[in-house]
Amino acid sequence: MNHSLIRVGTIYLPVQEVDKSAVWYEEKLGADINYQDNQKAIVDLAGISIFLVKSSAEQTSNFLDEDGSERFAITFEVDGKEALRALQKKLKDKGVKVGEIEDRGHPGLNFVFEDVNGNRLDVWSELSPAYRV
């Protein structure tokens, strides 16, 4: 039996309006809404259940690094730089707040986007080997 952690199954994100947030994830990112009540919604996206939990207005999942830059807690992966560029364009076309494509000095490229609540989410052009077809 393998006693190691195998995968991330659930991520919790703070949101101000559960219903509006669930619809945003469905319409902008293609998530499936699996459950919803007044306090939370469960959406499935990229093989993960994301719990959108009603929180205070100023609460996000973002944090400040030691240099004072606001950071994200989640990075999604796509398969290649062209897929990254296509997703960035698609999100921009849907009115999502999207950052520029960045070379951060490691393999691949990234960009950051924000959900309707200001949660910063990252996308990387390098697909993990376990998910390659």
Side-chain angles (χ1 to χ4, degrees):
M1 179 189 289
N2 186 346
H3 296 286
S4 298
L5 299 174
I6 296 183
R7 64 181 286 273
V8 173
T10 305
I11 294 172
Y12 290 76
L13 291 176
V15 302
Q16 288 79 53
E17 297 178 57
V18 172
D19 55 344
K20 181 179 176 181
S21 299
V23 169
W24 188 93
Y25 274 82
E26 180 181 51
E27 291 179 353
K28 306 294 186 186
L29 302 180
D32 294 320
I33 302 171
N34 285 328
Y35 177 83
Q36 186 173 336
D37 62 30
N38 291 334
Q39 297 300 309
K40 67 186 167 298
I42 303 170
V43 299
D44 285 346
L45 177 64
I48 299 171
S49 291
I50 300 175
F51 279 57
L52 305 173
V53 180
K54 186 168 180 64
S55 303
S56 62
E58 65 280 348
Q59 184 65 54
T60 70
S61 63
N62 308 337
F63 65 95
L64 298 179
D65 67 15
E66 71 176 345
D67 295 326
S69 297
E70 191 171 35
R71 296 296 192 142
F72 45 83
I74 300 169
T75 298
F76 293 101
E77 297 176 352
V78 296
D79 194 5
K81 293 176 183 175
E82 289 308 312
L84 182 87
R85 288 183 183 96
L87 178 61
Q88 183 201 38
K89 181 182 181 333
K90 179 180 174 182
L91 292 176
K92 279 184 181 179
D93 291 347
K94 289 184 172 193
V96 175
K97 185 176 178 182
V98 178
E100 296 301 317
I101 292 177
E102 303 174 79
D103 181 344
R104 298 182 185 156
H106 56 69
L109 300 173
N110 297 70
F111 72 86
V112 175
F113 68 97
E114 289 186 13
D115 74 6
V116 68
N117 300 281
N119 292 306
R120 294 169 56 88
L121 305 164
D122 185 51
V123 184
W124 185 31
S125 67
E126 298 297 305
L127 190 62
S128 294
Y131 290 93
R132 293 197 181 275
V133 181

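All values below come from the heavy atoms of this structure, side chains included, with hydrogens, waters and symmetry mates left out. Please read these numbers as outputs of a predicted model, since none were measured by experiment.
Under the 3.5 Å distance criterion, with hydrogens and angles disregarded, no donor-acceptor pair is assigned to the side chains of N34 and S49.
For the pair V123/L84, a side-chain contact is recorded, criterion being any heavy-atom separation below 4.5 Å from C-beta on. The side-chain heavy atoms of R85 and L109, taken from C-beta on, include a pair separated by under 4.5 Å. Put simply, the side chain of Y25 reaches to within 4.5 Å of the side chain of L13, judged on heavy atoms. Side-chain contact between F76 and L45 is present, with at least one heavy-atom pair separated by less than 4.5 Å. Looking at heavy atoms from C-beta onward, L121 lies out of side-chain contact with F72 at the 4.5 angstrom threshold. Counting heavy atoms from C-beta outward, K92 and F111 have side chains that stay 4.5 Å or more apart. In this structure the side chain of Q36 reaches within 4.5 angstrom of the side chain of D19, judged on heavy atoms.
The structure places OG of S125 at 9.5 Å from CG of D103, a figure rounded to the nearest 0.5 Å. K54 NZ to Q16 CD: the interatomic distance, rounded to the nearest 0.5 Å, is 8.0 Å. Summarising the geometry, atom NZ belonging to K20 is positioned 13.5 Å from atom CG belonging to L52; distances are rounded to the nearest 0.5 Å. Annotation: the span from E102 atom CD to R104 atom CZ amounts to 4.5 Å, rounded to 0.5 Å. Rounded to the nearest 0.5 Å, atoms CG (N110) and NZ (K81) are 11.0 Å apart. Expressed to the nearest 0.5 Å, how far CD of E82 lies from CG of L87 amounts to 12.5 Å.
Here the closest non-hydrogen pair linking E114 and G118 is OE1-CA, 3.7 Å. A pairwise comparison of heavy atoms in S21 and N117 identifies OG-ND2, 2.9 Å as the closest pair. Of all the heavy atoms in P14 and S61, the pair that sits closest is CG-N, 3.6 Å.
Panel note: side chain D37, backbone Q39; a donor-acceptor pair is recorded below 3.5 Å. Remark: the backbone N or O of S128 is paired with a side-chain donor or acceptor of E77 at under 3.5 angstrom. The closest donor-acceptor contact from the side chain of N62 to the backbone of E70 lies at 3.5 Å or more, if one exists at all.
Hydrophobic clustering keeps L29 apart from I42 (ILVMFWY residues linked when any side-chain heavy atoms are closer than 4.5 Å, directly or through intermediates). A continuous path of hydrophobic side-chain contacts links V8 to V43 [ILVMFWY only; heavy atoms under 4.5 Å]. Using a 4.5 Å cut-off between side-chain heavy atoms of Ile, Leu, Val, Met, Phe, Trp and Tyr, with links allowed through other members, V78 and I48 fall into the same hydrophobic cluster. Note on V116: it does not cluster hydrophobically with V23, by side-chain heavy-atom contacts below 4.5 Å among ILVMFWY residues.
Atom CG of N38 sits in a sparse spot, with 12 or fewer heavy atoms from other residues, nucleotides or ligands closer than 6.0 Å. In the displayed structure, K94 atom NZ is contacted under 6.0 Å by more than 12 heavy atoms of other residues, nucleotides or ligands.
Relative ring orientation between W24 and F113 is described as parallel, the plane-to-plane angle staying below 30° on a 0-90° scale split at 30° and 60°.
Partner R120 forms a side chain to side chain contact (heavy atoms under 4.5 Å, CB included) with one of T60, V112, D115, I74 and no other, that one being V112.
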